[in-house]
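A quick write-up on the structure given underneath.
Labels below follow one simple rule: chain letters A, B, ... track the order of the sequence lines, proteins then strands, and each chain is numbered from 1. Fair warning: this is a prediction, and the values are worked out from it, not measured in the lab.
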Number of protein chains: 2
Amino acid sequence: MPTMKDVAQRAGVSVSTVSRVISGSDRISAATKERVRAAMKELDFHPNAIARSLASKTAGTIGLVVSRSPENAFANSFFPEVIRGIGSVLSKHGYYLLLIMTDDPEVERAQTLAALRSRRVDGAIVTSSRVSDPLFRHLVEEKRKFVLIGRVLDDLPVSYVDNDNVKVGYMATRHLIEAGYRRIAMISGATEYVVSLDRIEGYKKAITEAGMEFRKEYLVNAGFTRESGEDACRKLLALEEPPDAIFAADDTMASGAVRAILKSGLRIPEDVGVIGVNDDPLASMMRPALSTVRIPVFELGVWAARILMDLLSNGETVPRQMVLPGTLVVRETSSARGLFSA
Amino acid sequence: MPTMKDVAQRAGVSVSTVSRVISGSDRISAATKERVRAAMKELDFHPNAIARSLASKTAGTIGLVVSRSPENAFANSFFPEVIRGIGSVLSKHGYYLLLIMTDDPEVERAQTLAALRSRRVDGAIVTSSRVSDPLFRHLVEEKRKFVLIGRVLDDLPVSYVDNDNVKVGYMATRHLIEAGYRRIAMISGATEYVVSLDRIEGYKKAITEAGMEFRKEYLVNAGFTRESGEDACRKLLALEEPPDAIFAADDTMASGAVRAILKSGLRIPEDVGVIGVNDDPLASMMRPALSTVRIPVFELGVWAARILMDLLSNGETVPRQMVLPGTLVVRETSSARGLFSA
DNA sequence: CTGTTAGCGCTTTCAC
DNA sequence: GTGAAAGCGCTAACAG
């Protein structure tokens with residue numbers, strides 16, 4: 001592999017000159033620039049990114065930490081989309097993406113910290129939202145550059161981009177109310193996630209705001225899987241006064257709920273309405289097609305990356321927060337009284 | 001940030017000693033090892049991965065190239081699984097994963113080559129299988145270390161791990177035949193992919209082997225999307241003598257086919273049988289649940305990574321190929337004559 | 001077992 | 001506009 005030295009010799013200049021034409025310095029005569037370019041081509045020279053990093057003290061890489069605990073099967077549809085979003089901005093800045101993803105949260109935390117501390121990455125985007133994750137405290141204390149997709153409950157000075165989950169819960173529930181349902185239950189995700197807490201809050205808000213009574217037995221927690229959604233729904237249907245509509249905090253769980261309802265012989269949306277969250281591809285493929293609140297995953301990625309780029313370049317230090325809205329998508333599972341049709 | 005030099009001073013040793021304890025050399029007294037460890041801890045020292053890479057001439061990172069052309073929406077379920085597989089072996093070897101993924105195949109190729117040439121990654125795993133992709137020729141000519149998930153048609157000396165797609169096509173078709181169907185059509189993916197070609201071959205083999213006649217009009221190409229599957233199926237159903245079973249080369253297309261069939265008023269599996277490929281989560285969630293041939297995606301990732309690790313460590317030079325079998329998963333869409341039940 | 005000494009390939013003052 | 005020289009932080013012979 002030829003080095004800059006080789007190129008310099010061949011072009012009859014010094015290495016610093018070669019370095020300059022590579023980095024696009026303007027204080028270089030067009031002639032030498034040409035000569036150097038030619039030499040690089042002839043030698044098939046490609047600058048060594050590692051050496052460049054060492055000298056310039058920037059890795060040119062950012063880390064993406066994807067929480068992938070077993071419950072997070074839902075991450076499947078989320079994952080490629082955030083990456084697309086992130087990638088779309090990183091590539092403009094010439095950054096690479098290092099992926100950190102393990103089944104074990106401990107390992108994940110260790111790897112994230114290690115990647116940052118070893119200077120392998122300049123910063124990180126973390127997708128997670130556990131109610132209390134020691135990772136963030138470490139990150140903040142060590143003054144690492146990072147952006148969270150989700151949000152933290154503690155008032156740590158953290159930059160994040162999140163979707164407005166309280167509103168998401170509110171919109172979904174409100175839609176069911178407007179569609180004419182009256183006994184609305186919620187199947188929430190594990191409460192160790194902030195996102196779950198937020199959506200529950202939105203649900204409660206819509207319920208009480210509509211003058212309905214919040215019933216404890218109408219709120220059940222489940223994992224993010226289809227099976228747990230089905231189980232949860234079955235329990236709800238077995239109540240003395242079963243709900244006539246179900247808001248599941250995730251499409252996958254919603255699909256489980258749909259199954260439970262159908263199995264029990266009830267009709268959707270006539271007897272029971274259902275709405276999920278995400279607008280997973282699954283939602284439109286199901287029969288009946290699932291109403292849902294669409295989350296702008298691609299955009300979450302875009303903004304997380306943009307903010308991180310700012311943190312890295314402008315040396316920005318004030319944390320920046322950003323909240324993106326969801327969009328109601330009405331399909332077939334939620335139009336009991338024909339008020340809506342999709 | 002403290003460096004090795006700082007640690008060395010504090011521990012009263014030389015930098016090479018520090019280096020040795022870091023790399024776990026055995027020719028080191030327990031005492032000094034302790035002393036150095038203590039110094040590292042006190043200074044909160046973390047070795048600089050970039051510097052280490054420069055000196056040792058290995059990046060400690062491998063690239064994963066994920067083809068994500070628009071047609072490849074199906075990559076959604078594929079993607080996280082391969083990564084899990086790859087990650088499970090990389091982490092054992094202390095390697096990191098750099099993700100290369102763009103919508104534009106040109107850019108993708110450029111980035112892949114750049115990452116390798118700039119020594120940012122030691123090797124790469126490429127998921128793609130276009131019939132003729134110039135990338136592979138380059139990779140081979142430049143003697144890059146890489147493993148393909150999929151396979152190439154040209155006889156380039158390439159290491160790859162693939163699933164046995166001819167067999168997959170054969171199994172699916174054969175199953176339909178055994179289930180009692182007689183007019184079996186195939187909806188294939190775009191023929192620019194080797195995988196499509198292979199599955200078609202398997203389909204033809206099963207057809208002719210069963211003494212049936214291969215009918216041109218029963219083989220239609222589609223993209224990998226649901227819509228294109230639905231369109232393709234509609235065309236098939238409009239034939240003078242429509243098929244009584246459909247083998248779709250992918251679950252997503254199969255779901256489209258199912259929709260077209262149901263819309264046309266036919267029953268599944270009584271009137272028309274359907275089988276897909278992949279065992280996408282979608283397959284088990286659909287109603288009727290989709291019969292399919294399961295592809296061992298996680299394992300593909302595992303083996304690709306293992307082979308790459310060998311290439312990198314043993315300096316292995318002989319390309320290694322590996323072919324993994326699929327598994328028939330019979331569900332509800334393919335048991336016309338009650339021969340099968342799932 | 002441990003220290004000395006060269007680099008790894010590039011960036012970046014600081015001169016001219 | 002261009003060159004010389006001093007690192008960036010670590011590894012890896014080579015001595016001893």
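Summary for the helix from dC1(C)-dG16(D) to dC16(C)-dG1(D): the axes at its two ends, each from 5 pairs, differ by 30° when rounded to the nearest 10 degrees.
Between S29(B) and dC1(C) there is no side-chain polar atom (N or O) within less than 4.0 angstrom of OP1 or OP2. Phosphate proximity of dG9(D) to K57(A): present, with a side-chain N or O under 4.0 Å from OP1 or OP2. Proximity of T17(A) to the phosphate of dT2(D): no side-chain N or O atom is located under 4.0 Å from OP1 or OP2.
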For residues 32-43 of chain A, tabulate all N or O donor-acceptor pairs below 3.5 Å that involve a side-chain atom, not counting sequence neighbours.
unit_1: T32(A); atom_1: OG1; unit_2: S29(A); atom_2: O; d: 3.0
unit_1: T32(A); atom_1: OG1; unit_2: S29(A); atom_2: OG; d: 2.8
unit_1: R35(A); atom_1: NH1; unit_2: A11(A); atom_2: O; d: 2.6
unit_1: E42(A); atom_1: OE1; unit_2: R10(A); atom_2: NE; d: 2.6
unit_1: E42(A); atom_1: OE1; unit_2: R10(A); atom_2: NH2; d: 2.8

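Not counting sequence neighbours, the partners of T3(B) by the side chain to side chain contact (heavy atoms under 4.5 Å, CB included) test are K5(B), D6(B). Take S23(B) and apply the side-chain hydrogen bond (donor to acceptor under 3.5 Å, both in side chains) test, not counting sequence neighbours, and it matches no residue. For R151(B), the salt bridge (charged side-chain N to carboxylate O under 4.0 Å, His left out) partners are D198(B), not counting sequence neighbours. In terms of the side chain to side chain contact (heavy atoms under 4.5 Å, CB included) criterion, residue partners of S91(B) (sequence neighbours excluded) are, by chain and number, Q111(A). In terms of the salt bridge (charged side-chain N to carboxylate O under 4.0 Å, His left out) criterion, D104(B) has no residue partners (sequence neighbours excluded). Residues passing the side chain to side chain contact (heavy atoms under 4.5 Å, CB included) test with L54(B) are I50(A), A51(A), L54(A), sequence neighbours excluded.
The distance between atom CD1 of I28(A) and atom C1' of dT12(C), rounded to the nearest whole Å, is 14 Å. Between the CG atom of D6(A) and the P atom of dC8(C) there is a distance of 11 Å, rounded to whole Å. Atom CZ of R35(A) and atom C1' of dG1(D) are 12 Å apart (whole Å). One interatomic measurement links the two molecules: CG of D26(A) to P of dT2(D), which rounds to 12 Å at whole-angstrom precision.
Within 4.0 Å of L54(A), counting heavy atoms only, lies at least one base atom of the nucleic acid.
A side-chain N or O of S67(B) and one of E108(B) form a donor-acceptor pair less than 3.5 Å apart. Side-chain contact of S14(A) with T17(A): a donor-acceptor pair under 3.5 Å is present, judged by distance alone.
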Each nucleotide of nucleotides 10-16 of chain D classed B (base within 4.0 Å of a protein heavy atom), S (only sugar-phosphate) or -, in 5' to 3' order, makes BBBBB--
